[in-house]
Structure formats: C-alpha cells, structure tokens
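Report on the following structure.
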Amino acid sequence: MDELTREFLIESQEGLDRMERCLTDLEERPQDKELLGEIFRSVHTIKGTTGFLGFTRLEKLAHAGENLLGMLRDGRLSANESIITGLLQLMDALRGVLRVIESHEKEGEGTAEEAQADADLIGRLHELQHPSAVPVTVEAAVAAGGAVESPAPASLAHPAPSAKTPAIPDSDTAPAPAKAAVSVPESAKAPAEPGEGKAKGPAASDSTLRVDVILLNRMMNLVGELVLTRNQILQATATDPNFTMLARRLDMVTADLRESVMRARMQPVSNVFSKFPRIVRDLSQMLERKVRLVMEGQETELDKSLLEAIKDPLTHAVRNSLDHGIEKPAVRIAAGKDPEGTLKLRAYQESSHVVIEVSDDGAGIGVERVRAKAIENGLITAERAALLAERELLQLIFLPGFSTAAAVTNVSGRGVGMDVVKTNVEKIGGKVEIESRPGKGTTLRLRIPLTLAIIPALIVRSLDQSFALPQGALSELVHIPPERLSSSIEWMEGTPLYRLRGQLLPLIFLDRMLSPARKASGLQLTSGAPAEHEGLPERDHFIAVLDADGRRFGLVVDGLADPEEIVVKPLSTVLKSIGLYSGATVLGSGDLALILDPGSIATHAGVVMSKSEEVAEVAEVVDAMASRFLLVEAAERRAAVPLGDVLRIERIPLSRVEYIGYRPVLNFEGHLLPIEDSAGVLTAVAGNPDAQITVVVCREGNRHVGIAVSHVLDVAAGNDLFEAGSQHSASGITLLNDHVTGIVDLASIQPLPGVEQNSEWNSVQETVA
Amino acid sequence: MSEKSTTTNLAVRKGSQKDGPAAVMLEMCSVRVGQTLFGLPISHILEIVGNTRPQAVPLAPDFVGGLVHYRGDVLTTVSLRQLLGMPLQADLGSQRGKEGHHDILVLESSGGCFGLLVDSVGEVLTVSSADHEPNPSTLDARRSALFAGAFKLKEGLLVMLDPERLDPMRLGASAA
C-alpha cells in the first residue's frame, strides 16, 4: 500500500470517528452549527481525497452525504432522527468501503448487492433532503433497512452522483423547482467551505504527531534498560563523592524520561467511550428502551494496549445493562421510575488502578433467578446453591454458559458475556466486581492496572533465586521464625496448612513446587507425609498470603526482599508454557527474576474456591469495614495504631536514633522523623549500643512520625466500645482480640522545633489559595 | 525473512555463487563445546555476550540454559551441552574460574532472538563450500536433528549448527 493511501485511510478513520461523536451529540442539539460544520468537513475531506485517489464508490457515497449535510449546515433542513439514522448508515457504509480498501488496497468493483445497497443509501440520502417527503415515507424506508425503496424509484434508477441534480425534479413532487435551484449553488459553494474551516483546525493538529506504537514500545524497552544501567551506576558510584552529584542528576533525568515515555503511551478513555453513544442509541431503539447515557471521567488515561483490551468487555457490559438491566418504559413507569433509564459510564483513577464503572438504574439482578438458572444450566448443584449467600450468587453470573435471559436475543442471552468480560479483564491483570440491588440497578466495576509494562511487586527469595510476586494478589505476609515452625505449620496427611486468624489456609512451598525432584515425590503424597514435615529446614519462613481470583492460599518462601516497581518482560513461548510464570524482570541489582503468576500457581497446586474460602472472603470484607489496627507492644504495654496511617515498619539499630535536645529523631530517607517514645522503649535499651529497635512510621496529617515499639504483634480489627447504659462510644480505646487496647493518638505527637511555624505558613498558603 | 538455512542456502546468501560447483567462501563463527568445534554462520549472530551467568528457570525443559538480560529484553537461552547430553560445566567443577559463567551467542531465527550457551567462542573462520559434507548416516538421531553437516578443515572438522533448529520454540515443540 502506498504512503498516500495509508495516510488517507488513517485520516478518514479519524474523520469518521469524529463524525460519529458529533452525530450522537447532534441528536441532542440539532441546531448546533459547529457540530454540523465538523461532520460536513469529515465527509467532505473523504470525498475530496477519494476523487483524487480514484475510489469512485467512496466518492459517490460521500457526495450524497455531503449534499444532505450541506443543507443541514445552511439551515435549510433541521436534523431529525431519521436524518441522523441516515447519516449513521452512511458512516457505516463508508467504514465498510475503507475496510475493503485496507485489506485489498483497492475498493473493488463490489458485488451487485453492494452496489444495490450503495444505491439504496444514496437514494435515501436524497429523500432526506426533501422535508415534504419526510415524515412518513422516509421513516418507513429507514425502518425497512436495506429493503427495496418504494417511494423514490427515480432516484434509484440514477444512483450516480452526476445524475443527481436532474434526478431530483423527477422524483420530487411538490416543491421541486425551488429545491433544485437551491441545491446547485450549494454544491458549488461547498468546496470553498473547508478552507475556512481548516483555518481553525491546525492549532491542535500542529502540536501533535502520529507515532508508531512499535517505536513507543521500543522506547519503553530502552528506558527500562536505562533505568537498570542507572541503578548499577548509582551502586558503583555510591562511595565516590565526585560522582554522586552526576549520578543523582542521571537518576532524576532517567525517572523523568521514564515517566514521559509512559505518558506517551497513555490515551484518554474517551477513545473507547466515544463509540458507546452510538451503540446505546442503536440498541435502545432495537430493544425499545429509553436510555440516557452519562459519561464521566473521559479524560482518565490508560495505556494504549490496555485500552484496546477493555473495548470488548465494556461493550459486553453495556449490552448487558441495556438488555437485562434497564426495563422497558412501561415497566419503569409501573415501578414508579423515570421512564427514561440512565446508563452511566464512569472512569477514574484509584491509586495504581483505573476503575471503569458501568452502572444502570434498572431492575438489578434477581438473585433467586440467578440461583434457579445456575441449577437449571447444571452449573451448580441445588444443595450447594441453597447454601450460597447473595453475594456469592452474584458471582455465578461470571461462570461460562450462564444466562438469565428468557429468550436468546440478538443483543445478549447466548450465555457468553459476563465470563468473557471477566476473563478478558483478568488477562490484563484487572479485576471485575459486581454490585446489584434489586429494583435499583447494577454496577459493574472493572479495575484495570494503569500500565501493563510496570507493576509493583514484592521480591521474594526461594531456591537461592529471586522471584517477583505481583502486589495485586498479595493480601498479607506472615513471618514464621524457626522456633515456631513446627507449631505454626500444621499437616493434614501431608498437606501443609496454616491457621490464619482461625481459618485454615492451604500452604504451597515455592521451593518444593519448583524443584522437579520433589514434585515427583509430591505426586504420591500419602506415603511421604511424615518426611515432608521433617524436611523443613530450621530457618525463617515467610508466608505470602495470596488471593488469586478468590482462591486464597499461602505461598511459603525463604526470604523477602524489598518491594520494587518492576518492568515486565515477556517470556518465550517455551517458558510461558510452564504455566507458572507470567514474565520476567530485571531487578535493581541487575539480577533477573521470574514473575510468579498467583492464579496459575493456585491452579497448579489444585487450590479451588471452596465454600469455606468464599465465606472467609466475605468475612474479610466485613472485617475491612471495621477499623483495623496494628497491634504493637511497647515496654510490655499493648497499644493500637490505626492501620490506615501506618506507612512502614522499620527495624533499625539504636545507634541510628539521634537527639535534638531530649527529642529522639531519626534520619529517615533523608527526612527528619520525630520519634514518639512515651512508653520508654528507647530508654529501656539505651545502655546497649547494639540493640535493634522497631519504629512504626505513620502518616499524621501531612507529616510523618515514628513510634518506637518493642514488638509488632498483629493486625486486628477493632470494635468500638460502648459505655454500659449510655451507649456512647469510647474514643481512644478499642477492643482488639478481646482486649481493651489504647489507640495511639498520632496528632498529639509534638512537632519538631521550628516545624510548627512552617506548617502554619503552609496552612495560610492553602487558605489564600 | 524466510531463510531456511541449510548450507546450500547459506551459499546463496553470500551472493557470489557462480555457475557450477565453484566454491563459495563462507564466514563461520567457531565455538567450542567439550572437544568439538562447532560453526555458526555469522549472518545469524547478533552479538556475542561473554562471561554471563544465566538465571535458572525452575521446571523449564532441560535444554533451557536459563534467562539472560540482553538489551532490554529477556532472552531464553539454549544450552548446547544439555542438547548434546554432555555433563554440565557446573558438574565438571568449572573449567573457567567462575562457576556457571558462559559465553552466549545471541542468535536470530524466524521465531525471534534467543541465546546459545557455549563453552567458549573462537575466531571467525572462512571456509569453502566445497569442503562441506552432509551429516553422516551413522550419526545418532538427536545429533543429526541439530547438525547441518560439517566442513573439512585442515585442523579437523567444523560441525555446522543450524540456528533455526536450535530455536527454543522448535526444540520445545519437538520435545513435547
């Protein structure tokens, strides 16, 4: 394909995308001159270029549309539903031809049917130019779709655009002469118009540039490489003061560069959202629903490849909402709701994820119907179904082959849909959540990672190797010191288990799973049971509690290293087919680490979503609702720190604590951190310079403070305490693990000298702003 | 890039093939594994990375020598020793000082890039296509699947390796 044609295809596609957006807006603001001008320009540009490139089929179609649009723009016609439908059909036809050109490099002669369809469309567009003929006949013609057109035989007979002007008087009955007279100068005037229009346009297009995605990927790769080299340089020059400044500068530039390249790959979600007005419009007409589409957060940005990946799932979700969610107007009126339903698409960023919500105010999901359908389709046994709670029942709609639609319609009900949504979203590392209230509506939430290329991960050690564990699946870490090893890990006939807050958690030993020799013996677990237990070396073990699509298990590793933002590199097919690794990455140290895939590990080890685990999951959510605390022990007193405020837990030698007057402070990552030591932990060990202390680093307002503690005991959910009789909830204390525990009041920790004025100054600034 | 690199094709790629059996000079990178001298057409070699320690991949097929980091990508490497059923260097107690370090040839095949672990990389030899002979019929199946004949040099035989046949994707498919 030559450069010119390729350029033309890209430009035309963009033009049509713009046109689609404008057309749906036009429905709401039919008089908007700017919109009309924009649509006119898109079609006109296509027409102009096609004539030049010799695509006659396209030219004819575009020409017919241009005439109609010209009249709309000049205010001689006003856009109504049938005109917009006609224009949308024109757009589809143009897209169709563009696709043909793209694959065959020429538009082809077209079959007789295609030619007929073109002619029909052109005829219909002519029709639409004549308001007199409009209300009844055109409506009928549009409803008939591609059926043969009865009202305008004359225009059918002369589909060629050149024949157009003379054809009108023939076909037209009433206001013919006047109309014909008007439309001639109109088409003559048209070519001049885009020139004026373009004068406004270039401002935006001059400052942007089209870049091949492959080039961007390559840049991303190189930046990853640069980051690695930088890390190594930083390590190598750490001792040389001459290089420190240079290395810092390199560090900053690299970070900026990485950020910029990542941003270059980001696109606003409006690129995907923009096709929904059309889909909603068409579907609501087909399904006889009245739907208002509300879109929010269109400027939220997402990596291009991810954006591509959520296109289909979102379309499925929208179709589902329209078909199963929003009721027909009559039903809605009967239910006391606005006859017009609302479908809301909302995108927003939440930490390292972008959340996309599809919510409707429809009937919601009938839980009982879900239960009945699941049993009927044999997806679940009746006994099991009877035990499931509402929330778990909702999850059933994600099973393949599930559909509650009474009849299979064109739109949905074939039982593919929600499971496709779920698998596609999970494929890119996202999550799907559903919420539904009967009679009130359903919300489907897609949680998408910001970028595929860089993910936060915890680096774990096993088999003297580093592995990366994506943090998305990690819910907590448990440390088992050697002396507690035999008591903490329990064995059920060779299967290791851990009691996590009273729930049995199946354990998977990463080293055993990864060494083939052990794996072979693992197949005959029954005989090897006692040996397995004794085989555990007397050293620290760590359990990473993972949650892979609702399957919870503990992955036992030998050691933990720092969390890192890792750049995901794809693996070759041979290694991908092992099934346990989702990729590889280069660590800051220059070592390579394989990225573990929690879902595959669960599958490999046969962890299933058993009922008790599902319940545990529900309990977990309830748990999270209550406030959670970090339970610490400071000089033999127990205290609670609100978990939400805890940033880090640092184990440091006592020698690192310094004093300003009597106030202990810590130089923490280049910042001065005041340390709260009302319990006297520091004084208790003051005589011993080798002592290690634990500092809980917390966030308080917009400063950070440290709390010196002897031990960190647990994370637990606190319950409010109510005074007997008065039912007043007590402040400053909570019930943790059945003990009344004081909550550390972070706000009462005194600021460092001099810091106070500063923060006041800040707050003054804020008020001014 | 549909080069089916048999030795005849290699000759064609040199571009200077004359009519008849006239000899074409070919440039081969020589590598040593164990006692044998192997040759690879330099046109398929992207880079030689010396003295690298590949990262092991647990549960990977035997022929995989591990992963190496190469210009922003993670390359799968193929261990020629493993392929030929020779004892691994680590088992031999490391002849080269540093344990587990290898020279790696980064090769390009139709399926992408991969690394080939060898004991050492030697010089580039210029050989004549006239000295080429196909695999002997007595060669065992495993080796004849990997080798593409040999060149008769004065010093001994230079056994030809075909990068396409060493591609981990292909090896993986034939192992399965």
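Letters A, B, ... mirror the listed sequences (proteins, then strands); counts begin at 1.
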Establish, from distance only, whether the side-chain atoms of B:S109 and B:D167 form a donor-acceptor pair under 3.5 Å.
yes
Which atoms of A:L463 come close to chain B, meaning under 4.5 Å heavy atom to heavy atom: side chain ones, backbone ones, both, or neither?
side chain
Chain B heavy atoms under 4.5 Å from A:L592: which part of the residue, side chain, backbone, both or neither?
both
Pairs of heavy atoms under 4.5 Å with chain B: top-ranked of A:S572, A:S577, A:S466
A:S572
Sub-3.5 Å donor-acceptor pair from the side chain of A:Q465 to the main-chain atoms of B:A56, do we have one?
yes
Polar side-chain atom of B:D119 near backbone of B:G34 as donor-acceptor pair, under 3.5 Å:
yes
Toward chain A, the part of B:V57 with a non-hydrogen atom under 4.5 Å:
both
Salt bridge or not for A:D303 and A:R265, using N-O below 4.0 Å?
yes
